[in-house]
Colleague: 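Take a look at this one; I'll ask things after.
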Amino acid sequence: MIGRPVALIPLFSQLESLPNVGPRITKSFTQISVERPRDLIYHFPYTVIDRSHCDTIRYAKTNQVVTVLVTVLNHRSPANKRATYRIDVEDAEKKFQVVFFNSNQDYLKRILPIGEQRIISGKLEEFNGLRQIVHPDYIEMVENSGKIPKLEPVYHLTEGISQKLIHKIQRALLEKLPNLPEWISPEKKSTEGWMDWKSAVEIAHTPRQIHEIKLEFPARTRLAYDELFAHQLTLALVRKYRSRSKGRITEGTGKLQKCIIKNLPFDLTQDQIKAISEITTDMARPLKMNRMLQGDVGSGKTIVAFMALLSSVEAGGQGVLMAPTEVLAYQHYQSLKPYAKSVSIALEILTGHDSGKKRANKLKKLLNGEIDILVGTHSVFQQDVTFCDLRLAIVDEQHKFGVSQRLSLRKKGNATDVLVMTATPIPRSLALSHYGDLDISMLKEKPAGRKKIKTAMISFSRITEIIERLRNAIQGGKQCYWVCPLLEESEKVELISAIERYNKLCNIFDEKVVGLVHGQMLPAEKNQAFLKFQNGETKLLVSTTVIEVGVNVPNASIMIIERAENFGLAQLHQLRGRVGRGNTQSSCLLLYKSPLSDLAYQRLDTLRKTIDGFRIAETDLRLRGAGDLIGMVQAGIPKFRIADPRVQLDLMEHAQIDARKLIKKDPKLESPRGQAARTLLYLFSQEEVIHLLSVG
């Protein structure tokens with residue numbers, strides 16, 4: 001099979017190839033991400049209207065849709081043609097009115113003649129104690145009652161598209177549906193009792209019972225599986241292609257690693273030991289490494305990353321550690337510097353602030369191999385940054401870097417191994433859906449000696465008491481974060497700004513001990529504020545969420561989060577992780593304003609009860625969905641049209657197992673089922689991944 005299968009060509013033609021669709025309608029459809037007939041196939045109804053026939057409206061509720069046989073009694077024609085036009089009708093038990101605005105009176109007299117019967121269907125309303133149906137959706141003669149669907153699907157619309165129009169277009173499209181080869185294994189299809197693809201699509205658009213629009217109904221489940229299977233086939237092919245990508249054997253002696261581990265002031269956790277082994281084993285293979293190091297807050301990812309970088313140095317190469325911000329880059333640099341110095345490793349940092357001779361000197365050393373490990377920000381991506389022999393590229397907080405940036409980093413070396421790190425515990429469903437092509441090392445254990453952070457929910461009305469406790473803590477030598485949700489005062493949202501809170505706290509405490517940091521400060525100002533706090537010059541740091549990731553001050557033992565109910569659950573977990581990094585008992589105070597909504601209470605109560613980031617992430621996904629996980633848009637998370645990985649995790653896992661099994665058995669997708677799987681990939685616009693089938 002070369003190119004898109006013939007059967008799919010009509011589904012990828014212009015929308016205007018469908019009846020009733022012109023340029024204006026085409027433009028409207030783009031507002032709901034419908035650009036071709038295939039998109040319309042997967043634009044399913046989200047609910048249905050029950051238009052089952054009833055004998056009378058007497059027992060119907062207001063705003064209920066009714067379908068009833070009526071006799072037309074009288075037309076109340078107003079003198080003003082633009083006035084409300086009312087028609088008296090009677091069903092088997094009750095009289096009511098049918099109402100029209102700005103309508104053609106002659107037309108209404110023709111379709112609703114006095115003395116005759118008609119079937120009408122529409123929403124029942126009440127006005128001045130009288131029941132009425134305003135502008136019925138259907139008016140049909142008795143013999144044409146079959147034209148009114150007993151169960152009418154309801155679609156999401158946009159301006160310029162009505163339900164009646166989309167019904168017409170969908171009906172025309174369903175008549176053109178091709179019969180496609182079956183890509184689901186016979187065993188799976190039989191076990192689940194699924195119908196074929198065409199039948200499933202038809203049922204999804206023409207439900208015969210209300211429960212048939214639900215995600216768990218077999219037709220919808222089968223179509224969701226198709227989407228998940230296509231996605232997992234894509235990841236499996238990319239994974240296979242990458243595994244074939246020739247790399248370089250980077251095998252360290254282990255000498256530097258052993259020296260560092262021996263002198264660590266703490267013991268590595270079993271998770272850290274396992275992760276180091278997995279990474280160094282990958283690097284020693286003649287294939288490119290693509291691995292993610294996923295760790296909960298405070299699980300010790302940095303030392304694992306440093307061990308991996310040492311392997312590249314031991315093998316005679318270089319390593320680079322990328323961070324999304326200068327603050328995080330400097331922190332990595334400062335924390336790794338003592339380790340590097342102890343084993344005589346040349347460690348350097350490169351940021352946007354390096355310029356002139358200073359920058360030129362660093363670049364020269366990097367090119368000559370005089371720098372073993374480079375820590376940097378986005379500045380590493382610039383063309384003039386050239387390595388002598390880059391073996392390993394590590395990207396921290398990888399979701400803040402685009403795919404193209406990560407690829408350009410790989411090009412800085414010859415077959416460079418890549419390790420991406422994230423401090424965000426990723427729910428299993430998202431890990432399967434987004435990172436199925438990566439190998440994952442996971443850190444769940446916390447280093448020995450770390451005490452559990454005490455977390456409390458406290459009403460904002462007790463802020464005076466909180467400040468007094470804070471005063472005692474500062475006098476006792478402790479340091480504290482105070483996080484505010486907004487930088488500036490908002491008239492719409494009653495949240496105190498970081499600047500205003502800073503000014504108020506300066507009036508209470510000595511202003512020399514209070515620091516301020518927020519996103520609108522210049523990088524140098526932020527770095528200075530963080531440095532003062534890290535050095536203990538300031539005891540209380542007022543901040544926005546810029547401290548969410550990476551900031552490490554072991555002496556900071558109190559975290560106050562103002563208006564905590566306005567933060568996402570996983571974001572609260574990240575903020576809480578800024579304390580509890582030393583040996584002192586730490587606490588996190590969640591200041592909320594009453595009354596709390598049920599959702600806000602669930603978030604804060606979950607945080608109060610557990611410190612397990614993975615459990616928190618799963619709860620956050622359930623409460624908020626995947627769209628804004630951890631308070632920041634995960635731009636790479638795939639958006640599914642049909643499937644919902646949050647509630648169909650088992651389906652996702654089965655799709656992954658089946659996809660990998662098929663690729664292993666039929667790597668070129670050449671068998672009859674393999675050819676059908678190619679059709680599925682084309683159906684879900686995965687032409688690029690099909691190209692991988694011809695590689696190597």
Side-chain angles (χ1 to χ4, degrees), residues 327 453-548 551 553 555-568 571-572 574-580 584 586-596 600 603-604 607-608 631:
V327 169
I453 302 168
K454 293 180 179 178
T455 304
M457 296 167 56
I458 300 177
S459 171
F460 199 80
S461 60
R462 295 171 60 190
I463 192 169
T464 304
E465 177 187 334
I466 296 300
I467 289 175
E468 193 56 38
R469 285 179 58 185
L470 188 57
R471 187 196 306 276
N472 294 333
I474 289 174
Q475 288 175 350
K478 295 183 178 179
Q479 287 179 274
C480 169
Y481 295 101
W482 188 303
V483 178
C484 301
L486 287 181
L487 171 62
E488 296 173 348
E489 193 68 53
S490 168
E491 293 179 0
K492 295 181 181 179
V493 187
E494 297 177 3
L495 299 175
I496 195 164
S497 72
I499 293 173
E500 188 172 338
R501 174 59 64 200
Y502 168 75
N503 290 332
K504 287 188 176 184
L505 291 172
C506 280
N507 290 332
I508 296 171
F509 301 95
D510 183 344
E511 64 179 34
K512 291 182 180 180
V513 304
V514 184
L516 172 66
V517 63
H518 57 74
Q520 293 185 20
M521 295 170 69
L522 294 172
E525 294 175 325
K526 276 193 288 188
N527 291 339
Q528 186 64 23
F530 278 125
L531 192 61
K532 283 186 176 182
F533 191 62
Q534 286 173 327
N535 293 340
E537 294 177 49
T538 52
K539 303 295 183 184
L540 173 57
L541 185 63
V542 180
S543 170
T544 56
T545 56
V546 294
I547 66 160
E548 179 185 345
V551 178
V553 182
N555 191 50
S557 57
I558 301 173
M559 168 64 71
I560 297 174
I561 305 175
E562 186 172 334
R563 297 300 298 273
E565 73 274 17
N566 290 285
F567 290 88
Q571 188 177 38
L572 288 169
Q574 293 290 328
L575 289 168
R576 177 173 61 179
R578 297 310 101 212
V579 296
T584 308
S586 296
S587 58
C588 176
L589 308 181
L590 306 173
L591 288 185
Y592 67 88
K593 186 174 182 180
S594 298
L596 279 176
R603 285 202 300 267
L604 300 188
L607 197 77
R608 184 174 61 84

Colleague: Using 0.5 Å steps for rounding, measure from the CG atom of Leu572 to the CD atom of Gln574.
Modeller: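 That separation rounds to 10.5 Å.
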Colleague: Count the heavy atoms of every other residue, nucleotide or ligand shown that sit under 6.0 Å from CD of Glu465, and state whether that count exceeds 12.
Modeller: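 Check passes, neighbour count above 12.
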Colleague: Between Val513 and Leu540, is any pair of side-chain heavy atoms under 4.5 Å apart?
Modeller: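 No, every pair of side-chain atoms sits at 4.5 Å or beyond.
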Colleague: Going from CE on Met457 to CZ on Arg603, what distance comes out if it is rounded to the nearest 0.5 angstrom?
Modeller: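 The CZ atom of Arg603 is 11.0 Å from CE of Met457, to the nearest 0.5 Å.
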Colleague: Rounded to the nearest 0.5 Å, what's the gap from CD1 on Ile474 to CZ on Phe509? Could you check?
Modeller: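 Output value for this atom pair is 4.5 Å.
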Colleague: If you compare all heavy atoms of Cys480 against all heavy atoms of Leu470, which two are closest, and at what distance to 0.1 Å?
Modeller: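 Closest approach of Cys480 to Leu470, heavy atoms only: SG-CD1, 3.4 Å.
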Colleague: Can you check whether Ile467 reaches Trp482 side chain to side chain, under 4.5 Å on heavy atoms?
Modeller: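 Yes. Closest side-chain heavy atoms under 4.5 Å.
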Colleague: Restricting to non-hydrogen atoms, name the atom on Ile561 and the atom on Leu575 that form the minimum distance, rounded to 0.1 Å.
Modeller: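 The pair with the smallest heavy-atom distance is CD1-CB, 4.0 Å.
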Colleague: Using 0.5 Å steps for rounding, measure from the CD atom of Glu562 to the CD1 atom of Ile463.
Modeller: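 Taking CD in Glu562 and CD1 in Ile463, the distance rounds to 5.5 Å.
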Colleague: How far does SG of Cys588 sit from NZ of Lys454, to the nearest 0.5 angstrom?
Modeller: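 Rounded to the nearest 0.5 Å, the SG-NZ separation comes out at 13.5 Å.
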Colleague: Does Glu525 reach the main-chain N or O of Leu522 with its side chain, forming a donor-acceptor pair under 3.5 Å?
Modeller: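 The answer is yes, because a donor-acceptor pair under 3.5 Å joins these two groups.
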Colleague: Would you check if Ile458 and Arg469 make a side-chain contact, meaning some heavy-atom pair closer than 4.5 Å?
Modeller: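 Result yes, sub-4.5 Å side-chain heavy-atom pair found.
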Colleague: Mark yes or no for whether Ser459, through its side chain, and Arg462, through its backbone, hold a donor-acceptor pair below 3.5 Å.
Modeller: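 It does not hold such a pair.
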Colleague: Just by modelled atom types, is the Glu537 backbone N or O under 3.5 Å from a matching donor or acceptor in the Asn535 side chain?
Modeller: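 Pair absent, no side-chain N/O of Asn535 close to backbone of Glu537.
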Colleague: With a 3.5 Å distance limit and no angle check, can you tell me whether Gln479 reaches the backbone of Phe533 through a side-chain donor-acceptor pair?
Modeller: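 Such a contact is found between Gln479 side chain and Phe533 backbone.
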Colleague: Applying side chain to side chain contact (heavy atoms under 4.5 Å, CB included) to Phe530 and Val553, what does each step give before you reach the verdict?
Modeller: CA-CA 9 Å; Phe530 278 125; Val553 182; over 6 Å; no
Colleague: What pair of heavy atoms forms the shortest contact from Gly477 to Asn555, and how long is it?
Modeller: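 Closest approach of Gly477 to Asn555: O-ND2, 3.4 Å.
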Colleague: Using 0.5 Å steps for rounding, measure from the CG atom of Leu590 to the CE atom of Met559.
Modeller: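 Separation between the atoms: 10.5 Å.
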